[in-house]
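I'd like to ask you about the structure that follows.
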Amino acid sequence: MKYKFKINKDEFKGPINLPLTIDSGQTGQPPWLKKGRYFQELIMVEDQPCLIGIRCSSDDVESSLVIEVESPQNLELDKVKYLVKEIFGLNYDLNRLYKFLEDDPYLKPTIDFCKGLRLFKAHDPFECLISSITSANNSIIRWNRSIRSMREKWGYKYDFSTGNYYTFPHPDKILSVPEKDLEEMELCGGEKDLNECVNNLIACGVGYRSRYIRNAAWIVKNEMELDDFFNMDYEEAFNRLLQIPGVGPKVADCILLYGFGRMEAFPVDVWIKRIISKLYFDGKNVPVKKIRSFGMDEFGEYAGYVQLYLFHYARKSGLMKSLK
DNA sequence: ACCCAGGCGTCAG
DNA sequence: CTGACGCCTGGG
């Protein structure tokens, strides 16, 4: 079945810049791929595979959105719409954020620079956990490639009119996969040549993070209910995530922000550290821990969005070029 | 054409 | 606190 519907401008508050939102390097999931005029992704809607395409009706950030859906069975479009609104942060009032940013002279310039940039929320919490772990000490393109590679190797494959699409593998599946080529060769009893062994975690380009990934899959399967993180007390959720090897403060905050929509998160990476030090601490070298608590105290419920806006601004505005 | 230094967060020492 | 981790990027 194919469907098409619109999300009108009056159904959400404030602008949306779709390409910016999708490609701004948020760690919850790889960017949706562009196919023609649409950005596409396979999403499970109540256990049904659903190929969703989304585009803006015009180049204007004040435009409405057009959604194309393909699914093997009948769908309740309300559910698809609800999910799309969740993923692209459409329930969030950006104009209210801009009022807050206006009042801070350091944040004010980010408004025009990032207009329509929204939280790009993960559709799969487990994928978000793994992709956040993979993003640590890594470049955006490299972790994106790794996640896509895991999907194609071990996810469920679904056929649609425009090609094959894959889900992210479940923890069970990740646990059943060898970590490196030598293990893989042993598993198949030496049938394969070493360079044919690509069905292992290392072959996805994750490097030393392979054991973190396997470990995280084990923890999720056996002792952690990811859905709890939606409502748990923030610091408790943060501390629990820190128990997972490979998850430090930055990654834990990213998981809570992009995976669970916890807006009070303030993930501090090098860019945030640099720009907060420059703007609010007179360029002094402030420890990451301090930057984090400063951001959470100073920006409160806006912290996640301030981080998102400052991150993009710091990387792309040229302001940081002066600082090395 | 080539090489090698510089990033990126977390962990272990 | 410092170095190691893997790989991509970009400058020489």
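Protein chains get the first letters and strands the later ones, always in sequence-line order, with residue 1 at the start of each.
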Legend entry - CG (A:Asp10) with more than 12 external heavy atoms under 6.0 Å: yes

Inset, instruction - State, without any angle test, whether A:Tyr302 and A:Tyr309 hold a side-chain donor-acceptor pair at a distance under 3.5 Å. - result: no

Inset, instruction - Report which part of the nucleic acid A:Trp271 touches: base, sugar-phosphate, or nothing (heavy-atom distance under 4.0 Å, all strands). - result: sugar-phosphate

Legend entry - Nearest-nucleotide 5' precedence on DNA chain B, A:Pro245 against A:Arg142: A:Arg142

Inset, instruction - Show your working on ring-ring contact (aromatic ring centres under 6.0 Å, His included) between A:Tyr305 and A:Tyr92 and close with a plain yes or no. - result: CA-CA 10 Å; A:Tyr305 261 102; A:Tyr92 192 79; 4.4 Å; yes

Legend entry - Aromatic contact, A:Phe12 with A:Phe88 (centres under 6.0 Å): no

Legend entry - Value in whole Å for how far the C1' atom of B:dG9 lies from CD1 of A:Ile130: 16 Å

Inset, instruction - Find the bend of the helix from B:dC2-C:dG12 to B:dG13-C:dC1 as the angle between its two terminal axes (five pairs each), to the nearest 10°. - result: 50°

Inset, instruction - Answer yes if the ring centres of A:Tyr158 and A:Tyr166 are under 6.0 angstrom apart, and no otherwise. - result: no

Inset, instruction - For A:Val247, report the nucleic acid contact type (base, sugar-phosphate, nothing); a contact means any heavy atom under 4.0 Å. - result: sugar-phosphate

Legend entry - First of A:Ile141 and A:Val206 reached from the 5' end of DNA chain C, by closest nucleotide: A:Val206

Inset, instruction - Tell me yes or no: between the side chains of A:Asp253 and A:Tyr234, is some donor less than 3.5 Å from an acceptor? - result: yes

Legend entry - Short side-chain N/O contact from A:Arg274 to OP1 or OP2 of B:dC8, under 4.0 Å: yes

Inset, instruction - Describe the nucleic acid contact of A:Arg145 in one word from base, sugar-phosphate, nothing, applying a heavy-atom distance below 4.0 Å. - result: sugar-phosphate

Legend entry - Distance in angstrom units between A:Ile133 CD1 and B:dC11 P, rounded: 9 Å

Inset, instruction - Would you kindly give the CG-to-C1' distance between A:Asp253 and B:dG9, to the nearest whole Å? - result: 13 Å

Inset, instruction - Please check if any side-chain donor atom of A:Tyr165 sits under 3.5 Å from a side-chain acceptor atom of A:Gln40, or the reverse. - result: yes

Inset, instruction - Calculate the interatomic distance between A:Lys250 atom NZ and B:dG7 atom P; express it in whole Å. - result: 18 Å

Legend entry - Nearest-Å distance for atom pair CD1/C1', residues A:Ile272 and B:dG9: 14 Å

Inset, instruction - Taking heavy atoms of chain A and a 4.0 Å limit, find me the 5'-most and 3'-most nucleotide of DNA chain C within that range. - result: C:dC5 to C:dT9

Legend entry - Carboxylate-amine/guanidinium proximity below 4.0 Å for A:Glu301 and A:Arg96: yes

Inset, instruction - Mind checking A:Val288 for me? I need base, sugar-phosphate or nothing, with any heavy atom below 4.0 Å counting as a touch. - result: nothing

Inset, instruction - Specify the separation, in whole Å, of atom CG of A:Leu242 and atom P of B:dT10. - result: 9 Å

Inset, instruction - Answer yes or no: is there an ion pair linking A:Glu236 with A:Arg262, defined by an N-O contact shorter than 4.0 Å? - result: no

Inset, instruction - Measure from CD1 on A:Ile244 to P on B:dG9 and round the result to the nearest Å. - result: 19 Å

Inset, instruction - Find the distance A:Lys273:NZ to B:dT10:P and express it as a whole number of Å. - result: 13 Å

Inset, instruction - Could you tell me whether A:Lys9 and A:Glu62 have a side-chain N and a carboxylate O separated by less than 4.0 Å? - result: yes

